[in-house]
Number of protein chains: 2
Amino acid sequence: MTPPPSADPSRAELAAESWEALFRAQSALLRRFAADDVWDPISLREYDVLFTLSRRPDRRARLRDLNREVLLSQPSLSRMVERLEAAGLVAREPDRADGRGTVVVLTEAGAAMQRTVGRRHTTSIRRYVGPALDDEELRTLRRLCDKLRLAQESIPD
Amino acid sequence: MTPPPSADPSRAELAAESWEALFRAQSALLRRFAADDVWDPISLREYDVLFTLSRRPDRRARLRDLNREVLLSQPSLSRMVERLEAAGLVAREPDRADGRGTVVVLTEAGAAMQRTVGRRHTTSIRRYVGPALDDEELRTLRRLCDKLRLAQESIPD
DNA sequence: CCAATGTTCATGCAAACGCATCGACTTTGG
DNA sequence: CCAAAGTCGATGCGTTTGCATGAACATTGG
């Protein structure tokens with residue numbers, strides 16, 4: 001009479017539906033942001049890299065560590081950093097603690113770019129996310145998404 | 001003494017933090033799915049197209065309507081459908097009601113592919129989403145994400 | 001101590017992407 | 001009714017991406 005808890009099909013469906021809702025909400029918002037030209041003159045992925053660096057102590061990170069946070073293959077990130085360096089937004093230096101490593105540092109111009117695009121980004125978020133959910137719902141959404149993401153660290157490969 | 005409600009900076013921050021949490025949770029999970037080779041032999045975006053078609057009546061949709069649901073530029077979707085047709089997963093036909101339109105139809109092979117990949121996808125979701133949140137949290141997450149997405153329809157450009 | 005293994009980043013290359021644009025068709029307004 | 005404007009999908013083209021691989025360095029185990 002009681003269904004087995006770990007193989008409960010309705011629970012699998014529930015998880016799938018929740019993921020699908022998350023995925024579609026994200027797509028819908030990214031489309032909105034793109035329509036607002038939020039990212040110009042850089043791309044979303046480039047902004048993600050600049051943003052990630054801006055939150056690091058000393059605004060710097062190993063390429064490998066950056067790659068753990070950004071959804072991009074290692075070669076793609078390597079070339080993107082190359083382009084960002086050519087644009088003067090980041091600098092690369094060898095890692096003195098590990099001869100294999102490359103440290104990526106946000107330049108002042110890169111930090112300024114992150115702030116400029118970040119402000120536009122925030123304006124769009126206020127516009128498209130703000131009216132959709134009240135404060136309590138926003139806090140709940142943030143809490144559940146953080147919980148979902150952080151739980152990944154304790155789930156084996 | 002009372003801050004203006006529409007320009008409340010803490011609310012803008014809250015919305016930004018919620019969006020960031022959503023974005024990062026999605027990235028973390030997509031990375032997990034990729035590591036499991038969930039999508040093979042098609043890509044996530046291709047699966048998204050097959051999945052979207054599979055949920056439509058008659059498993060068919062105008063290219064333009066597909067493009068509204070998938071996060072992809074119109075030319076990219078056009079070429080992807082071209083490739084999917086070459087692979088035998090979809091078929092294209094002219095729209096008899098509108099001479100400009102192209103209707104994309106999921107073939108039997110395409111539906112089978114969607115089911116096969118969908119099952120792997122569901123397995124991964126159960127593995128990575130299931131343990132992270134309980135039933136109540138899953139329902140709440142789904143509700144908030146749906147609300148966020150659906151609210152976009154009533155927010156002007 | 002050093003040979004074997006693992007890790008980190010860069011590069012060659014083909015595939016896929018977005019932007020700009022075009023031709024074909026539809027809709028609108030006088 | 002037709003000219004003007006709008007919509008839909010395809011294609012040329014430069015850019016970006018991922019996969020496979022290589023070179024340099026670090027770590028491990030005997």
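Letters A, B, ... are given to chains in the order of the sequence lines, protein chains preceding strands, and every chain is numbered from 1.
- Qualifying ring pair (Phe, Tyr, Trp, His ring centres under 6.0 Å) partners for B:F33, counting only residues two or more places apart in sequence or in other chains: A:W19, B:H121.
- A:S78 has a side-chain polar atom (N or O) that falls below the 4.0 Å cut-off from OP1 or OP2 of C:dA10.
- C:dA16 atom C1' lies 18 Å from atom CH2 of B:W39, rounded to whole Å.
- Residue contacts shown for A:Q74 include a base, since a base heavy atom lies under 4.0 Å away.
- In this structure, A:N67 places its CG atom 11 Å from P of C:dA10, rounding to the nearest Å.
- Distance B:R79 CZ to D:dC13 C1': 9 Å, rounded to the nearest Å.
- Applying the 3.5 Å distance criterion, the base of D:dT7 shares a donor-acceptor pair with the side chain of B:R100.
- When each of B:V103 and A:S43 is assigned the nucleotide of DNA chain D with its nearest heavy atom, B:V103 is the one assigned upstream, toward the 5' end.
- Nucleic acid contact for B:S73: base, since at least one base atom lies under 4.0 Å from a heavy atom of the residue.
- Residue A:L84 contributes atom CG, which lies 14 Å from atom C1' of D:dT15 at whole-angstrom precision.
- In this structure, B:D98 reaches the sugar-phosphate backbone alone: every heavy-atom distance under 4.0 Å involves primed, P, OP1 or OP2 atoms, never a base.
- Straight-line distance from the CZ atom of B:R62 to the P atom of D:dC8: 7 Å, rounded to whole Å.
- A:L72 comes within 4.0 angstrom of sugar-phosphate atoms only, judged by non-hydrogen atoms across all strands, and of no base.
- The shortest distance between the side-chain N/O atoms of A:S76 and the OP1/OP2 oxygens of D:dG18 is below 4.0 Å.
- One can place CG of B:L71 at 18 Å from P of C:dA16, the figure rounded to the nearest angstrom.
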